[in-house]
Protein chains: 2
Amino acid sequence: MAAVTGETPRTRIQQENRERILKAALDMFSRTGYRGTTLDQIAAAAGMSKPNMLYYFRTKEELYRSVLQETLEDWLTPFAKLDPDGDPSAELGAYISAKLAHARINPKASRLFANEILQGAPLLEKTLKGRLKDLVEEKSKAIRAWIAAGKMVPIEPLHLIYMIWAATQHYADFETQMDALEGTEPGTREKRFENAERTLFTVLFNGLKPR
Amino acid sequence: MAAVTGETPRTRIQQENRERILKAALDMFSRTGYRGTTLDQIAAAAGMSKPNMLYYFRTKEELYRSVLQETLEDWLTPFAKLDPDGDPSAELGAYISAKLAHARINPKASRLFANEILQGAPLLEKTLKGRLKDLVEEKSKAIRAWIAAGKMVPIEPLHLIYMIWAATQHYADFETQMDALEGTEPGTREKRFENAERTLFTVLFNGLKPR
DNA sequence: TTTAATCTTGATCGATTGGTCAAACTTGTC
DNA sequence: GACAAGTTTGACCAATCGATCAAGATTAAA
């Protein structure tokens, strides 16, 4: 099994099949979570047999961890890019846009993350209390500096961050509800994200701007 | 079985045990969803045997539907109360407060709802496209009237509604993440909700108020 | 073309899961 | 207290689930 997990380069088939499996796993785990998803379901979605899939990922948990690790990196990257030396409108605007783009392009990653949190985040505790906490403290400090410079109304930075996370992720996580309310005709989702960005920019920028 | 499902009044034991089971089911289903939760887990949490529990709720699905029905009523009630003839600040303020109170008092109900939506809302489709959609259209009309009367900046009503749902429910649904970031010392959660309300009021009211 | 390495999968396994059932126990009513 | 109604549960069941294994098929390298 060294070729599968060690330093040896992966074969063509391994690369292809791992990608297929990871994608299928994301599709499935994002809907019904770890316990509620079966290996047979993922294998079927990946277009292979269950033992074949287990040739590449030895256990269900190993597969889940791999998928979750990828989605976590996607989640953390835009947040890390928030520049404390920049202008609040520009920085927050860029972050909101990046989060909405993520919600649009990869809603299942967002839903996987939400699912893991709902389940008590057993596999994320270390990251939440480590990297994420550090990032949150760093960005909170930046927000405080913006407030002190009179560029923003006085508010709790942590809760502004929560507000942005909530407002943007909601478009991925509650997509089913939104589809039910708005219908699923062609163009509806695109229009939804245009309206989302416009609304969030209007309310948040107007709301944060001193009077 | 007539005594359990018909018009006959429920016995003392039936009332007590049903409540116990429903509470245990909410605790469990809100974390791992329908498929990921086992009847044994719920029965253990309710302090009884699985067959005993199945004496009161014939199947897993019947139990799940009962819990979900209760949580849905809790979800819809505050929204229905939004008065179109009232003042935007007062009405939205009351709604936000009610939603935050719900997130604080009954986070598991919120999480059950989120879980059901993540799973594609198989049991909620009728309500989402019916009652909720009707309510959303009614409240959107009210918001449009507020905008026309110059009481609010021009924005898409639907997306303001999403924003409020997202910002408030997040405190229940992502509680695990917040606990990880903020710690769980006594008083932390109470303080969190005070800050939540203050921040949401500041940003949303300031944001919606014309300049 | 040969051979070694890699990949695929039907059959199988032990454990788990949603249920069923009948006997024993408990509660309610007269 | 007697008896009917209601409640509880150990034992059991078929199906499902995460996994294992060995044999056959395919791919890669020489």
Side-chain angles (χ1 to χ4, degrees), chain A residues 1-29 31-68 119 122-123, chain B residues 1-29 31-68 119 122-123:
Chain A
M1 284 304 230
V4 176
T5 62
E7 309 294 338
T8 319
R10 289 190 170 131
T11 66
R12 173 187 65 90
I13 293 179
Q14 281 171 10
Q15 290 213 33
E16 290 183 0
N17 284 354
R18 281 181 66 94
E19 286 308 308
R20 262 167 66 208
I21 297 166
L22 288 169
K23 182 178 180 303
L26 175 61
D27 284 355
M28 299 287 126
F29 281 136
R31 178 181 278 258
T32 39
Y34 178 71
R35 260 209 51 99
T37 304
T38 68
L39 290 173
D40 272 320
Q41 285 174 321
I42 300 171
M48 65 176 73
S49 70
K50 184 174 56 167
N52 191 194
M53 186 175 72
L54 289 171
Y55 174 76
Y56 295 96
F57 294 90
R58 221 180 52 258
T59 62
K60 186 180 184 180
E61 183 170 332
E62 183 183 313
L63 177 56
Y64 184 72
R65 282 175 182 272
S66 296
V67 182
L68 193 59
Q119 285 173 45
L123 301 184
Chain B
M1 285 306 233
V4 175
T5 63
E7 309 295 336
T8 317
R10 288 190 172 134
T11 66
R12 172 187 67 90
I13 294 180
Q14 282 171 7
Q15 290 213 32
E16 291 183 358
N17 284 353
R18 281 181 66 93
E19 286 309 307
R20 262 167 66 206
I21 296 166
L22 287 169
K23 182 178 181 305
L26 175 61
D27 285 356
M28 299 288 127
F29 282 136
R31 178 182 278 257
T32 40
Y34 178 71
R35 260 208 53 98
T37 303
T38 67
L39 289 173
D40 272 321
Q41 286 173 319
I42 301 172
M48 64 177 74
S49 70
K50 182 176 59 170
N52 191 191
M53 184 175 73
L54 290 171
Y55 173 76
Y56 295 96
F57 295 89
R58 222 177 52 257
T59 62
K60 186 180 182 181
E61 181 169 334
E62 184 183 314
L63 177 56
Y64 184 72
R65 281 175 182 273
S66 296
V67 182
L68 193 59
Q119 285 173 42
L123 301 184

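Computed from a prediction, not measured in an experiment: that's the story for all the values here. Labels below follow one simple rule: chain letters A, B, ... track the order of the sequence lines, proteins then strands, and each chain is numbered from 1.
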**Q.** Below 4.0 Å: OP1/OP2 of dT7(D) and any side-chain N or O of N52(B)
**A.** no
Q. Phosphate oxygens OP1/OP2 of dT27(D): is one of them under 4.0 Å from a side-chain N or O of R12(A)?
A. no
(Q) Rounding to an integer number of Å, can you tell me how far L54(A) CG sits from dC13(C) C1'? (A) 14 Å
Q: Locate the shortest heavy-atom distance separating Y34(B) from K60(B); write the atom from each residue and the value.
A: O-NZ, 3.0 Å
Q) Given dC7(C), is OP1 or OP2 found less than 4.0 Å from the side-chain N or O atoms of Q14(A)? A) yes
**Q.** Matching residue for L63(B) among L54(B), I42(B), T37(B) - test: side-chain contact (heavy atoms from CB on, under 4.5 Å)
**A.** I42(B)
Q.
Test side chain to side chain contact (heavy atoms under 4.5 Å, CB included) on F57(B) and N17(B); report intermediate values, then the result.
A. CA-CA 10 Å; F57(B) 295 89; N17(B) 284 353; over 6 Å; no
Q. For the residue pair S66(B) and L22(B), what are the closest heavy atoms and their distance?
A. CB-CD2, 3.8 Å
Q. How many Å lie between CD1 on I13(A) and P on dA29(D), as a whole number?
A. 11 Å
Q | Sidechain N-carboxylate O distance under 4.0 Å for R31(A), D27(A) | A | no
Q) In whole Å, what is the span from the CZ atom of R10(A) to the C1' atom of dA28(D)? A) 18 Å
Q | Sub-4.0 Å heavy-atom contacts from residues 31-39 of chain B onto DNA chain D, ordered by number | A | R35(B)
Q) Is there a side-chain polar atom (N or O) of T11(A) under 4.0 Å from OP1 or OP2 of dC7(C)? A) yes
Q: State plainly whether the residues E19(B) and K23(B) are in salt-bridge range, i.e. N to O under 4.0 Å.
A: no
Q) Which whole-number value in Å describes the distance from L63(A) CG to dG18(D) P? A) 11 Å
Q | Residue-phosphate contact under 4.0 Å: N17(B) side-chain N/O, dT8(D) OP1/OP2 | A | yes
Q: Send over the distance from K50(B) NZ to dC21(C) P, rounded to a whole Å.
A: 14 Å
Q.
If you compare every side-chain N and O of Y56(B) against the phosphate oxygens of dG6(D) (OP1, OP2), does one of them come in below 4.0 Å?
A. no
Q: Give the rounded distance in Å between these two atoms: CD of Q41(A) and C1' of dT16(D).
A: 11 Å
Q) Just how far, in rounded Å, is P of dT27(D) from CD of Q15(A)? A) 17 Å
Q.
Check this one for me: any side-chain N or O of Y55(A) less than 4.0 Å away from OP1 or OP2 of dT8(C)?
A. no
Q | Atom-to-atom span, CE of M53(B) to P of dT9(D) - whole angstrom | A | 12 Å
Q. Do K60(B) and dG19(C) have a side chain to base donor-acceptor pair shorter than 3.5 Å?
A. no
Q.
Check this for me, if you would: do R20(A) and E16(A) make a salt bridge, where the nitrogen-to-carboxylate-oxygen distance has to be below 4.0 angstrom?
A. no
